Asker: 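Starting off with a structure, shown below.
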Amino acid sequence: MAKVIDSKIPAGPVPEKWKEYKAHQRLVNPKNKLKLDVIVVGTGLAGASAAASLGEMGFNVINLCIQDSPRRAHSIAAQGGINAAKCYQNDGDSVYRLFYDTVKGGDYRAREANVYRLAEVSNNIIDQCVAQGVPFAREYGGMLANRSFGGAQVSRTFYAKGQTGQQLLLGAYSSLSCQVQAGKVKLYTRYEMEDVVIVEGRARGIIAKNLVTGKLERFSANAVVIATGGYGNTYFLSTNAMGCNCTAAVQCYRKGAYFANPSYVQIHPTCIPVHGDKQSKLTLMSESLRNDGRIWVPKKIEDAKALQAGTKQGWEIPEEDRDYYLERRYPAFGNLVPRDVASRAAKERCDKGFGVNNTGLAVFLDFSESINRLGIDIIMQRYGNLFEMYEEITDVFPGDVANEINGVKYYKPMMIYPAIHYTMGGIWVDYELQTSIPGLFAIGECNFSDHGANRLGASALMQGLADGYFVLPYTIQNYLADQAVWPKVSTDLPEFAEAEKKVDAEMDRLLNIKGKRSVDSIHKELGHIMWEYVGMGRTAEGLKTGLKKMHELEQEFDKNLFVPGTKEGLNIELDKAIHLRDFFTMGQLVAFDALSRNESCGGHFREEYQTEEGEAKRDDENYFYVGCWEYKGKGNEPELIKEPLEYEAIKVQTRNYKN
Ligand SMILES: Cc1cc2nc3c(=O)[nH]c(=O)nc-3n(C[C@H](O)[C@H](O)[C@H](O)COP(=O)(O)OP(=O)(O)OC[C@H]3O[C@@H](n4cnc5c(N)ncnc54)[C@H](O)[C@@H]3O)c2cc1C
């Protein structure tokens, strides 16, 4: 009999679910001298907010991160903003509308009840952050300012210049520090979780490596929460921070946690194009730029060829010869279509030969119209740090006048191209954010919960903080209510010893391969395979080839890897080797899922399944489910388990951004 997944969604119509859930919740009061310990792995926006909230509520929290400070978690990179349904612009926004846009943006592959809850708590997040002192941008009159992100026709994105993630993280960090000072949170920086320890079927602790001394340490608790971010770096080149990895999530998967929808990977349309084979990182140009920037390529192929040859510049092409292809194809949303749609449209133009840089793999993002309309000062107020960042990397300042044709000023446009950015897939969680292993929870980007097949811009920060401040601290108590009568397990149990021994043996194995290839050279090759066969356009044949190549490369990794140094002390190469071992598992998982899903939806585009106009063609009859994968050992195909989706409040239909 097929396995059944209990997603613990309460009965009743969607808007009532969260209320009904709360009504039946079993809350524990740890301030009542109960000693309940929770391990929170990660100090990004999800982890820091969860650790701070749990500490505030009276739980004893052990909080770990790989950086030297929580303030350096990858969340700091978030630029553009965070969504909430405040309707400060009086433009007709509402909780329902945010819910609807998110479900539609996710191509009807998200769990409806979770998304409703997310939309509902979105407004609390803004209040919480304002109370912490997060310096959101304000209008002249003092109200918080908003801008628009893709997939929405209202302005609901709150921002702090182009550094929203950093400011939100500083807010969460100050709350966290408060709890550290109060003795409720014990912070372990430069620690990496290497394994989760399961005792009698429940997550009871972790094995972590002190990254400075190299020593393995055991931690036990009543519950374990992972908030360890996404797996975008499987592709080697991505907009993610270099340290982002999926080791914690993959170890949980190996220990029995289902991994959901791994093929839903987001490719962001506005990144600085790849410019050589020595790069190890890609830079995002925030989606917020699409509020005022217009995306175009030349109408005439001879102009495109001249741009590629370097004999012509973008600003020499007059208005009538420009193809604003998003505005042409999607008049209702124009440049603000969701990311998956914008990325595919850029690829389509470049594949047809209209790319604008020397590789033919770039399109223009042009501010001429908005600078002429609003003036450079306003544009700089909105995007100043992004313009400067672009200039630092490319030596082109997008606010520089370059030409005047028929009295119209033309400014130097940015060049952009899609790149791997975010992962919608992640560890499967139920409505309470608990994984398929009792006592193990997953929050933030490392779970799969709310974005379906495509995440809308500015919704990751919203989800991370919703999970951390407003959902997990309550839902975890249903589990902890039972745990209150059980003592915390000892780290002397054989389960801890065995897990530690295995981690240690793995480090020995990697160090003793003593081959000839560096971690980075193999990782880069894995990235090429992923981008080529499991990237923006996928086919059954390509995915099978990709799987074969990944398998061969994994064997090369096992036989020919070279890791310098020893286990003792700091060894960054060893840490990277562990991450790469897990990127192999992850890459194959993405490909298996993509191969099993014979449809196109959101970030998963199977070229065999598209309309005549090149739009994604979903198959709701056969694929209206969350695809959950159960690990079956190295080299073996994992087992697919389905969680059927049920929609009550929203009619499932074909996405339309044209009218
Ligand atoms: C360039 C860029 C710009 C973005 N801009 C926006 C935006 O404007 N709006 C928006 O909504 N989203 C944006 N996003 C997405 C958003 O930033 C992320 O999805 C979000 O910050 C993830 O938060 P998180 O807490 O889940 O994980 P992270 O911030 O990735 O934090 C992971 C944490 O886990 C720790 N960790 C990882 N592995 C281990 C381990 N094994 N052991 C111990 N600790 C571990 C790390 O140290 C870190 O503390 C952007 C992303 C990028 C790359």
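Whatever order the structure lists them in is the order used to number ligands and atoms, beginning at 1. Model, not experiment: these values are computed from the prediction. All residue numbers in this chain count up from 1 along the given sequence.
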Asker: Looking at Arg156 and Asp93, is any side-chain nitrogen of the basic one under 4.0 Å from a carboxylate oxygen of the acidic one?
Answerer: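 A salt bridge is present here (some side-chain N lies under 4.0 Å from a carboxylate O).
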Asker: Under 4.0 angstrom from ligand 1, any heavy atom of Gly165?
Answerer: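 It does not; every heavy atom stays at 4.0 Å or beyond.
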Asker: Please state whether Arg455 comes within less than 4.0 angstrom of ligand 1, counting heavy atoms only.
Answerer: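 Arg455 counts as a contact of ligand 1 under the 4.0 Å cut-off.
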Asker: Among protein heavy atoms, which sits nearest to atom 21 (O) of ligand 1, and what does the distance come to when rounded to 0.1 Å?
Answerer: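 The closest heavy atom on the protein side is Ser75 OG, 2.8 Å.
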Asker: So, does Gly464 sit close enough to ligand 1 that a heavy atom of it is under 4.0 Å from the ligand?
Answerer: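 It does not, in that no heavy atom of Gly464 comes within the 4.0 Å cut-off of ligand 1.
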Asker: How far is atom 39 (C) of ligand 1 from its nearest protein heavy atom, and which residue and atom is that?
Answerer: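 Result for atom 39 (C) of ligand 1: Thr228 CG2, 3.7 Å.
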Asker: Does Thr239 have a heavy atom less than 4.0 Å from any atom of ligand 1?
Answerer: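 True for this residue.
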Asker: Looking only at protein heavy atoms, identify the closest one to atom 11 (O) of ligand 1 and say how far it is in Å.
Answerer: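 Sorting protein heavy atoms by distance from atom 11 (O) of ligand 1 puts Leu461 N, 2.8 Å first.
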Asker: Assess whether a salt bridge exists between Arg204 and Glu495, defined as any Lys/Arg side-chain N lying under 4.0 Å from an Asp/Glu carboxylate O.
Answerer: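 Salt bridge flag = no for Glu495 with Arg204.
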Asker: Can the positive tip of Arg117 be found less than 6.0 Å from the middle of the six-membered ring of Tyr431, inside 45° of the ring normal?
Answerer: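 Yes; both conditions hold, so Arg117 lies above the ring face of Tyr431.
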Asker: Of the protein's non-hydrogen atoms, which lies at the shortest distance from atom 35 (C) of ligand 1, and what is that distance?
Answerer: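 Minimum-distance protein heavy atom for atom 35 (C) of ligand 1 reads Gly42 CA, 3.6 Å.
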Asker: How long is the straight-line distance from CD of Gln251 back to CG of Asp195, given to the nearest 0.5 Å?
Answerer: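 These two atoms lie 4.5 Å from each other.
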Asker: Here's one to test your reading of the geometry: is the NZ or CZ of Arg455 within 45 degrees of the ring axis of Tyr422 and under 6.0 Å from its centre?
Answerer: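 Output yes; distance and angle both within limits.
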Asker: Closest non-hydrogen protein atom to atom 52 (C) of ligand 1, residue and atom name please, with distance?
Answerer: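 Result for atom 52 (C) of ligand 1: His421 CE1, 3.2 Å.
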Asker: Nearest protein heavy atom to atom 9 (N) of ligand 1, by residue and atom, and its distance?
Answerer: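 Heavy-atom neighbour on the protein nearest atom 9 (N) of ligand 1: Gly81 O, 2.8 Å.
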Asker: Does even one non-hydrogen atom of Ile82 get within less than 4.0 Å of ligand 1?
Answerer: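 It does not, in that no heavy atom of Ile82 comes within the 4.0 Å cut-off of ligand 1.
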Asker: Distance to 0.1 Å, residue and atom name: give those for the protein heavy atom nearest to atom 42 (N) of ligand 1.
Answerer: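 Going by distance alone, atom 42 (N) of ligand 1 is nearest to Met193 N, 2.7 Å.
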